[in-house]
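Please read the structure below before turning to the comments.
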Amino acid sequence: MTKAEGNSVFTVMGEPRTDRERVVRELAELGFTWADLEDEAYWIDQIAVLDRSVYEELEAAAAALWIVLDKTARYVHRNHVFYELIGIPQVLWKMLDVSPLPPPGMISRYARFDFAVSEAGEIKLLELNADTPTGYVEASIATPWLCRQAGIDCVNEGMAEAVREAWAHYRPDTVACVDYGSHLEDTGTVEALARHSGLEVQFADCLELSIDKGLVKDGTGRVIERMFALYPKEWMAVDEGGDALAYGIETGRIALFNPPHSILLQTKGLVAAAWGLFELGLLFTPEERSAIERYLLPTYNKAVFSGSFVSKSMFGREGGSVRMYDRQGNLEIEDQDGFDTSTLFPTIYQKRAELARIESAEGELHLLTGLFMLNGKPCGLLGRAGGPITGNTSHFIPIGVRSSCK
């Protein structure tokens with residue numbers, strides 16, 4: 001057992017097994033086929049164990065912030081001034097205005113919060129991935145299996161059932177991602193979601209889809225009526241055919257899941273809007289204001305900080321576009337691996353929060369704590385470990401929870 005320096009709420013348990021290849025094969029049979037990528041160890045064969053009291057607070061924080069951001073999304077809905085402030089591409093405005101808004105708490109039924117949990121247990125929200133989050137296989141399949149083997153409590157066991165409940169509402173006839181069949185992570189993610197849903201669906205490659213007068217067809221010419229797609233909706237602003245897809249949604253020729261309004265939750269600009277409403281004393285109840293003050297970081301669409309802040313694109317993914325500034329306001333580190341979407345979308349500025357550091361078999365790493373929101377409820381931890389910026393070269397490490405009787 002190793003532990004990060006100092007008194008941390010995370011404890012790293014176990015040592016890497018000598019027969020890693022065997023375990024990697026077993027994980028692949030379960031559906032996690034990218035534990036090793038191009039001879040690089042993506043999965044760390046250890047478990048980060050979180051104090052149960054901190055997990056319980058994290059779960060409560062997620063539930064409270066889900067309500068806060070849902071209320072904020074409804075507040076900005078059909079307000080084009082806000083759409084522009086939070087970075088919503090104009091090609092999507094009509095689609096958002098005419099599409100029916102889902103019930104409270106259900107704008108997205110498949111989402112993931114990313115939290116900075118400090119070594120002392122302080123919780124701060126970094127962002128919400130409410131449109132097309134990945135990491136589902138790692139959290140729902142690999143983490144429970146690995147925790148069971150290690151005899152460590154896992155809170156992820158209910159994820160598959162939550163997906164089944166969510167998809168019983170969506171009922172897609174088609175599930176799609178880009179490069180289906182060749183991109184291991186996205187293919188494995190959509191296949192696991194479809195399997196856990198219990199529905200009979202067809203799979204499609206987004207690159208093979210065509211759109212004719214709002215009708216979306218797969219590579220065989222089959223018309224798709226209801227589709228779950230790992231396709232970021234902001235891409236509709238830059239992809240050829242994006243306006244045609246928006247038209248298909250506007251006219252009801254295709255239903256897309258997550259629903260269109262998930263982009264309101266996805267944009268990091270919504271956190272800035274929530275923080276601004278909080279500062280103005282608008283919209284939120286005393287309980288919601290308390291959650292905002294405790295768990296949200298001050299976030300703006302202008303650089304108002306003198307130092308110790310982060311800038312990132314409103315639609316940055318996998319760490320792309322993230323720049324971290326020190327206490328003096330000097331650029332300290334920036335992501336070099338992900339695509340910098342700040343050339344396409346506006347930027348937000350957020351007070352800096354430090355991630356817990358853990359000692360692992362891969363050395364000292366920063367741990368990002370993900371928590372899935374499935375069918376409107378907190379459900380499933382995802383651990384990713386890497387540098388101060390969690391990019392697409394980070395590792396997966398399972399997160400378990402310390403037993404209450406220990």
Side-chain angles (χ1 to χ4, degrees), residues 66 69-112 127-134 166-178 190 193 201 204 206 209 211 213-217 223-271 273-274 314-315 317 341 344-346 373-376:
W66 189 248
L69 295 176
D70 184 89
K71 287 182 72 170
T72 308
R74 293 171 194 280
Y75 186 86
V76 306
H77 183 228
R78 294 181 176 153
N79 187 319
H80 293 182
V81 174
F82 268 113
Y83 283 1
E84 188 167 6
L85 284 173
I86 66 175
I88 302 298
Q90 193 166 351
V91 69
L92 305 182
W93 290 6
K94 183 179 179 181
M95 177 189 75
L96 293 173
D97 287 349
V98 302
S99 299
L101 200 60
M106 296 298 176
I107 290 176
S108 169
R109 293 175 185 260
Y110 172 63
R112 191 193 72 236
E127 59 191 54
L128 170 61
N129 300 281
D131 188 15
T132 59
T134 54
W167 281 42
H169 176 82
Y170 285 162
R171 301 201 66 82
D173 56 58
T174 303
V175 178
C177 67
V178 174
V190 297
L193 286 165
V201 298
C206 289
L209 301 180
I211 308 174
K213 297 179 181 179
L215 293 177
V216 178
K217 301 177 182 179
V223 174
I224 299 171
E225 296 180 351
R226 302 174 66 82
M227 179 170 68
F228 178 93
L230 280 186
Y231 173 79
K233 293 175 180 61
E234 70 270 16
W235 288 3
M236 293 162 67
V238 294
D239 280 354
E240 182 180 354
D243 54 350
L245 178 56
Y247 173 75
I249 297 169
E250 292 164 16
T251 55
R253 287 171 170 82
I254 183 168
L256 193 63
F257 309 111
N258 277 309
H261 300 98
S262 63
I263 196 172
L264 296 177
L265 293 175
Q266 175 70 34
T267 171
K268 298 172 181 64
L270 192 75
V271 177
M314 291 187 183
F315 290 105
R317 294 171 186 264
T341 60
L344 301 172
F345 305 106
M373 294 293 297
L374 301 178
N375 211 32

Measuring from atom [atom1] of [X] to atom [atom2] of [Y], what distance do you get when rounded to the nearest 0.5 angstrom?
X    : Y    : atom1 : atom2 : result
L270 : I263 : CG    : CD1   : 11.5 Å
F315 : F345 : CZ    : CZ    : 6.5 Å
M95  : E250 : CE    : CD    : 7.5 Å
T251 : K94  : OG1   : NZ    : 9.0 Å
Q266 : E234 : CD    : CD    : 6.0 Å
T132 : N258 : OG1   : CG    : 8.5 Å

Heavy-atom distance under 4.5 Å between the side chains of [X] and [Y], does that happen here?
X    : Y    : answer
V271 : L128 : no
I211 : Y247 : no
L96  : R78  : no
H80  : D97  : yes
P89  : M236 : no
M106 : N375 : yes
S108 : W66  : yes
L256 : K233 : yes

[X] side-chain N/O to [Y] backbone N/O, donor-acceptor pair under 3.5 Å:
X    : Y    : result
Y110 : L374 : no
R253 : K213 : yes
R112 : M373 : no
D239 : G241 : no

Which atom names give the shortest non-hydrogen contact between [X] and [Y], and what distance separates them?
X    : Y    : value
Y83  : H77  : OH-CD2, 3.5 Å
A176 : V190 : O-CG1, 3.8 Å
S262 : A130 : CB-O, 3.4 Å
A111 : P133 : CA-CG, 3.8 Å

For T72, enumerate each residue passing the side chain to side chain donor-acceptor pair (under 3.5 Å) test, keeping only those at least two apart in sequence or located in another chain. none

Could you list the residues that satisfy side-chain contact (heavy atoms from CB on, under 4.5 Å) with P172, not counting sequence neighbours? W167, Y170, L199, F228, F257

As a quick check of understanding, evaluate side-chain contact (heavy atoms from CB on, under 4.5 Å) for L264 and I86, giving each step before the final call. CA-CA 8 Å; L264 296 177; I86 66 175; 4.2 Å; yes

Got a sec, which residues hit salt bridge (Lys or Arg N to Asp or Glu O under 4.0 Å) with R74, two or more places apart in sequence or on another chain? D70

Short N-O contact, R226 and D173, less than 4.0 angstrom: no

Is there a side-chain contact (heavy atoms from CB on, under 4.5 Å) between I254 and M227? Walk through the geometry before answering. CA-CA 8 Å; I254 183 168; M227 179 170 68; 4.1 Å; yes

Residue K217 excluded, over 12 heavy atoms near NZ under 6.0 Å: no

I'd like to know if the side chain of Y231 pairs up with that of D131 as donor and acceptor (distance under 3.5 Å, no hydrogens or angles considered). no

